[in-house]
Every structure is written in C-alpha cells, then in structure tokens.
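In what follows, every chain begins at residue 1, and chains take the letters A, B, ... in the order their sequences are listed.
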Amino acid sequence: MKRLTPRFRRWLLMRQRHSRHRAEAVAATSNVRAWARRRASFMATRARLPAIRYDYVTYPGYGAFIPPTDLSFARNYDETLAFILDFRRLFFERRLYKFPDGERRKIYADFARIETIDAGAGLVLAAEIDRFVKSRPVRHEVHDHLWHEAVREFFFEAGLFDLLKIDPQTVGFNENPSSIRKTIRLRSGRTKSGTDALGLRSEIEALSGKSIAARPHAYTAIAEALANVGHAYPSWFRSWPWKASGRWWALGFWDQPRNTVGLQLYDQGAGIPATLPKQQHWPRLFPFLEPERKASGLIKAGLEYGRTSTGQPGRGMGLAEMADWIETSGSGFLRILSGDGEVTYRPGARLDRRDFDAPFCGTLIEWEVVLDA
Amino acid sequence: MLHSVAHLSSGKSFSMPDAVHISIARQFSETPFGRYLEDGKESGQAFREKILLPLLNEGRSVVISLDGVAGLPSSFWEEALGGSVRAGIAADRLRELLVIETTEADLETYVRLGWRYIDQAEVKRQTNQSH
C-alpha cells in the first residue's frame, strides 16, 4: 500500500473533489433538461386553451392578465383553466413580461374582472395563491377595493387575505358581509389521519348549524377522498413549475337560501386517469372500461366498479364511496374533475361526463348536498 | 340488543363468554382512515396487524364493536377483514372466532359489509389457489 504522505493526501482530496463536481455537473444538466421537458409539457397544455388576454393600458408601467368574468370549471372550463395556468406560470417566473407592443412591464392578475367565482374554481385559485405566497413570503399588493363584493367576501372568508398578509381593515373591507354564501377557511395538509376528514365535516356542520348527513356517510366520503390523495402523487410524478407537494386543499360552503352545503377537495397530483391503471385493482376494472379509454370513461369505470363490488345499494368502495353521501342524501351531486375528464354523479347513479382537450391541473372533487329543511 | 346484533353479525345463536372485546373507537381510533400502514397509524393494516391478527392467531374469540366510530371507510374495513383472509385465516375460521357488533343503526350496514369483504376475499383466495 502506498504511504499516505501529505502530498498524496492532498492529491486524494483533490481527486475526490473533482469527481464530486463532475457528478454534480451531470446531475445539473440532467435536471435542467428534465425542467425544460416539464415546462414544454406545461406550455403544450396551455397552447390548447384560449389565448391569454391582456390589459396594459389602464395602469402605465404595468400589464394585467385578465381572468374570465365567470371563474368556473363547470360553466367555463377552458378560460378558467387558462387563467389558473397563467397565474401559476407568470407569478412563478416573476420577470418583466413582454407584451404584444414589445414593451416589458410588471404583471398582475386583474381580479376586478371576475364577477362570479364558483366554489371549485375558488378552491383551485386559493391553492395557487397558497403555493405562490409560501414560495414568496413577502407582502403582496392587492387592490381588493376594486373587486366585486362576492369575490372579496370569498377571499375574506376563505382566509386568503391572511395568506396574502393583507389586513382587511386597511382595504376598506365591510366587516358585516351580506353574502348569502358562507365559506369555511382554506384548509390544507398531507393527511395521514382521519381527523382531517372529521374536522372538515364538523366545520361545515358548524357553519350550517345542521347535520350534513347520517353520521358515517359524510365522514367515509371525505376520508376516502383524502386517502386517495396518497395515490395522487406517485413517485414517478413530476410537475412544473411547482414541485409535487403531496398536499391537498379543501374549502366548504353553506348556502342558506338554497339550503345547500358544499365541500371541495383539490390536489395538484397526476390525476385519476393517470394513476388508476397503476393501482392493484386495475384488472378488475376491465369489464367497466370502454374501448376508447377516454379520461371520463376511466373515472366512470372506477365509480361503477366500486358500486358493484359491494353488492349493496348505497355502499361502494373507493371512488364510489364518495358518491354514497349523495346517494343516501338523495340530492345534489358529486363532481370529479381529473386529468382530461369530468364525471358528475347524481342520485340514482345518474352520470354525466365531459372530456377536455387540455388536462386539468390535478384532481378536484366537489360535493353539493341539499339538506333536509 | 347486543346479542341480537351479534347474532346478525356472525350467524351464531350463542354468546361468546370468553371472547376478547375490541372497541375500534376506544382501543384503536374514532376516525379509522386508509388501507395500508403508509396511509397512517389509523389504517386497516395497522388495525389488523396490531390488534386483530395477534388474537385470532392465538385462537381467541374476538368481538369487534363498531360503536363510536365516525365511519368506516371501505379501504380501512376491507383491509382489516379481507386482509385477515389474505393473511391466512379462512373465512370459515373467522366465522367461528369473530363477532362484529354495533348498537348504532347508522353503523349496522358496516357489519354486513365486513362479512361481505371476508367472503369476497375468501372467494379470491380459493380462486388463486385453484390456479
């Protein structure tokens, strides 16, 4: 063995350092390529949606990207998703944006253009704001005095002003909102326990002052949906620009005039149509699959397999268990928007389906139930 | 009341005086959640491996009480009971040793579902063996 002289020791350390640097350089190149591929995939999805709309006239030096007046995946899928993806990309990249007139300006989202915001789209927007604010923990500027009352009240009740570190007093917010729809505060987590499901049910019951279902049905529906978030972020899944977080976000509402409660659960994962074929029970879904294998068909197959596997009316497994709350209450709907497809379930196992050109950014599950008078 | 529900749940017409009583809500969790251990410590696999199987493997009779749980997600309940069959305890043996009971009307459906999961797992086990 060669003697470890001081010179030989220095040489060994240098060689170790060089080989580490080489490995880091290779990894960095590979990371850059992977990053570029994920960005290209994101931009390809965005290209299938309506073009971005700007306003760079109203405030000199600034340019706005404009949301649809009706922010709703149910009524206005393409424009709503386009705005959400723009929000994600433009605020992440955070550079001066080059507008069609060739000038570069600071960019902002013109929330004053939103007239109506439905619960599902509100939750997805809230999740985007949550991730953006947590990645940029500084004070953000919000001109909420220009917003429509319903949008401002949604932000207030969902706790988004707190997320943005905005004191509603300083922006002239009315402390006695007159809205007919009350919203619970945004909740988020990486569930490994049923207490989150119980907490969500309890919060909506506290808001409405009523029981929202026979005790086990709402709990099992929510718990099964939260447990599915575990499958939503498989190890192979990568996202852009944010890394896969493993998180879920939830909101709920109580609409007194309609005597209706709603609960929305969202994750930014790979989506049910992508993850279902990799699950253990996939071969048992074959009898329910259609030859064309559309995304909505995959979700529908998951629901139908779950419904038939127990052989008991009103009792399902997995996805179908989420529908049991609707089935037993005899009213409302369950809507699952995931990947390129959407399935809406109504009592009596009535299903409506839609497929889209551009895939949704994760999975959004919405329940709406009309309560007993 | 308990005896009548126990009768419904196991098909037995006699009580089980030496049975070990397990209340899921009191001894495990009021909010059972998830299928596998990776889903958390309130999962069906955790219940089966930590509580149910050690007793069944000793040949002890077990009475599972569902009272007090917020609900029993199918992933939890199937893994706890169907998983016991997959772990090597035949459905017939489970019928000898196990009683599932509840005094709450809302939870009675889970008694029937539990036995259904056991029967389905048994059918699948026998199908796999014959192949």
Heavy-atom distance under 4.5 Å to chain B: side chain of A:Ile222, backbone, both or neither? neither
Please tell me whether B:Phe76 and B:Phe33 form a close aromatic pair, meaning their ring centres lie under 6.0 Å apart. no
Provide the closest heavy-atom pair for B:Ala80 versus B:Leu52 in the form atom of the first, atom of the second, distance. O-CD2, 3.8 Å
Could you walk me through whether A:Trp254 and A:Ile204 satisfy the side-chain contact (heavy atoms from CB on, under 4.5 Å) test, starting with their C-alpha distance in whole Å, then the side-chain angles of each, then the deciding distance to 0.1 Å, before giving a yes or no? CA-CA 7 Å; A:Trp254 158 236; A:Ile204 297 176; 5.7 Å; no
Largest heavy-atom contact set with chain B, pairs under 4.5 Å, which of A:Gly230, A:Ala197, A:Ser193, A:Ala214: A:Ser193
Count the heavy-atom pairs under 4.5 Å between each of B:Ala70, B:Gly40, B:Gly34 and chain A, then report the option with the highest count. B:Ala70
Any Lys/Arg nitrogen of A:Glu205 or A:Lys210 sitting under 4.0 Å from an Asp/Glu carboxylate oxygen of the other? no
